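Before any comments, here is the structure.
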Amino acid sequence: MKKFIYALMAFAAVLVGCSDKEEDSGYKFGNYQWLSEEIPSELGIDLKGELLIDADVDEQGGVSFAIIAQKNSNMGIEEGDIILLQSATYNISKKDDSGKRYSLLVNEQFYSIEFINETTLKFFITEESYYIFNRVTNNYSLSNAKKFDDLNVSLIPSKECDWAGGEIEFSLSNGAPIKSIKFDVVSQNVTVYNDMNSILEDNVITLGFYEANGKIANASMVITATDYNGKEYWCTIMSKGWRPAFYKEVGEEFKEVDPSQTWERGGNCWIGVESYEGEVEYTGNTDSFEGIRYSNTLFDVAGSSNNKICFDIPHTNGYDTFYFWYGEEYSFATKIEITD
């Protein structure tokens, strides 16, 4: 990364002693800003945007390197923010008589650039690899630029919340590896439901099921990660509580019932999913409630209404089991007895 930065420094700036070499050809670096269409991967920077080179515009006799960034909320960056990478001085000389090719000397290392025209040039990282830069027409102000070194490294969850049973993966915004990770449930009066606690494996957490005062509950969790330098980072996520629900239709209303009670053959039963906020939506064209899936073997779907699914009960005595699950680790199995 440093080698490439130095190459960019050399490429972008022109000292007073080199200005006469530019005047000979008409191709000038100094007093201009140059912009690439992408951030060179050789910089090893976990940001998206464009690379800006300021040659003597912000400060005479020097060059600055900055990123015109795309939005990155995890690092506190808004669309169009200018992130200053580094400022320096450099030297440059013509490489041939065409006036289009220049050799750059930076810290005893040489690099090459080649003009395509007066407003477009190639910067060569190797003899075959280069990036295109175009001259800026309306200069960017670097006076309020954020310094790259000041950007906070943050712990990034793949999701901020999910249904219980789902998975959330974590990474550091600077791409550094995570040495260890742990979680703490911080919601008050929340306990683990039926031994289905959250599970951490590598940098992924499987969200557990929680309850409060005997009822399903959402659980806020603080995730703490430690890198190999011993520095800690944290973020907050939520496990959204849910449970299967069984109903009987009474008149024009639905009454929730204990699924262990007798179900009359030839009749029907209704299923749904309840969350901490209320009923989970069923759209009628999937086999799930917002991703919470169900299955059974004997009952046939007879229709749906009000976020509930109706099943015909077979005309024979016996048993059937309804399964509900979200993710791969946990599931609910509810046995239904069919009698006269």
Side-chain angles (χ1 to χ4, degrees), residues 73-74 155-170 181-201 203-224 234-250 253-261 269-296 301 304-311 321-336:
S73 57
N74 292 310
L155 180 62
I156 306 171
S158 57
K159 301 177 183 178
E160 293 184 355
C161 65
D162 201 1
W163 292 120
E167 293 184 346
I168 297 179
E169 185 174 4
F170 302 92
I181 192 167
K182 64 180 182 179
F183 73 91
D184 293 291
V185 177
V186 295
S187 296
Q188 292 185 350
N189 302 321
V190 167
T191 58
V192 178
Y193 173 74
N194 200 25
D195 295 326
M196 292 192 289
N197 202 0
S198 298
I199 301 171
L200 269 172
E201 186 174 353
N203 298 330
V204 178
I205 187 170
T206 299
L207 298 174
F209 286 76
Y210 299 94
E211 62 181 351
N213 300 319
K215 297 181 179 180
I216 54 175
N218 291 346
S220 292
M221 290 182 281
V222 173
I223 308 297
T224 305
W234 63 272
C235 67
T236 301
I237 61 171
M238 177 179 289
S239 176
K240 296 169 60 179
W242 63 272
R243 63 172 176 84
F246 291 79
Y247 308 88
K248 281 192 175 182
E249 192 174 11
V250 180
E253 297 182 352
F254 293 97
K255 178 182 179 182
E256 187 174 355
V257 295
D258 184 344
S260 65
Q261 73 179 52
C269 71
W270 295 76
I271 68 167
V273 174
E274 293 284 333
S275 73
Y276 179 77
E277 288 80 14
E279 294 180 341
V280 179
E281 182 180 9
Y282 175 72
T283 61
N285 57 4
T286 68
D287 59 351
S288 74
F289 298 82
E290 295 184 13
I292 301 170
R293 304 186 66 187
Y294 68 88
S295 71
N296 74 99
V301 175
S304 63
S305 178
N306 297 320
N307 295 319
K308 301 171 183 64
I309 305 172
C310 181
F311 289 87
T321 301
F322 276 88
Y323 295 94
F324 295 80
W325 71 93
Y326 184 81
E328 302 296 332
E329 188 67 30
Y330 299 123
S331 65
F332 291 88
T334 304
K335 183 177 289 187
I336 300 294

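In this text the structure is predicted, and so the values were computed from the model without any measurement. We're numbering straight along the sequence, starting at 1.
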Rounded at 0.5 Å granularity, tell me how far [atom1] in [X] sits from [atom2] in [Y].
X: Glu211; Y: Ile216; atom1: CD; atom2: CD1; answer: 10.0 Å
X: Tyr193; Y: Ser239; atom1: OH; atom2: OG; answer: 13.5 Å
X: Cys269; Y: Lys308; atom1: SG; atom2: NZ; answer: 13.0 Å
X: Thr334; Y: Ile271; atom1: OG1; atom2: CD1; answer: 9.5 Å
X: Thr286; Y: Tyr294; atom1: OG1; atom2: OH; answer: 7.5 Å
X: Ile168; Y: Leu207; atom1: CD1; atom2: CG; answer: 4.5 Å

Can you tell if the side chain of [X] reaches within under 4.5 Å of the side chain of [Y], non-hydrogen atoms only?
X: Thr206; Y: Glu167; answer: yes
X: Asn194; Y: Tyr330; answer: no
X: Trp163; Y: Ser275; answer: yes
X: Ser187; Y: Tyr210; answer: no
X: Phe183; Y: Leu200; answer: yes
X: Trp242; Y: Phe289; answer: no
X: Ile223; Y: Trp234; answer: no
X: Glu290; Y: Ile292; answer: no

Check against side-chain contact (heavy atoms from CB on, under 4.5 Å), Ile237 and Glu160: CA-CA 5 Å; Ile237 61 171; Glu160 293 184 355; 5.6 Å; no
Does [atom1] belonging to [X] count more than 12 external heavy atoms closer than 6.0 Å?
X: Asp195; atom1: CG; answer: no
X: Tyr276; atom1: OH; answer: no
X: Asn213; atom1: CG; answer: no

Minimal non-hydrogen separation, [X] against [Y], with atom names:
X: Gly272; Y: Tyr247; answer: N-CE1, 3.8 Å
X: Cys235; Y: Phe170; answer: SG-CE2, 3.8 Å
X: Ala217; Y: Ala212; answer: CB-N, 3.8 Å
X: Gly165; Y: Phe209; answer: N-CE1, 4.0 Å
X: Tyr282; Y: Ser304; answer: CE2-CB, 3.5 Å
X: Gly208; Y: Ala164; answer: O-CB, 3.4 Å

Is the side chain of [X] donor-acceptor paired with the backbone N or O of [Y] at a distance under 3.5 Å, no angle test?
X: Asp258; Y: Ser260; result: yes
X: Ser158; Y: Glu169; result: yes
X: Asn296; Y: Thr321; result: no
X: Ser288; Y: Arg293; result: no

Ring geometry between Trp270 and Phe254 (parallel below 30°, tilted from 30 to 60°, perpendicular above 60°): perpendicular
Verdict with supporting geometry, Val301 and Phe311, side-chain contact (heavy atoms from CB on, under 4.5 Å): CA-CA 5 Å; Val301 175; Phe311 289 87; 3.5 Å; yes
Met238 and Met221: CA distance, side-chain angles, deciding distance, side-chain contact (heavy atoms from CB on, under 4.5 Å) verdict: CA-CA 6 Å; Met238 177 179 289; Met221 290 182 281; over 6 Å; no
Glu277/Lys240 ion pair, N-O < 4.0 Å: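 Result for this pair is no, no salt bridge flagged.
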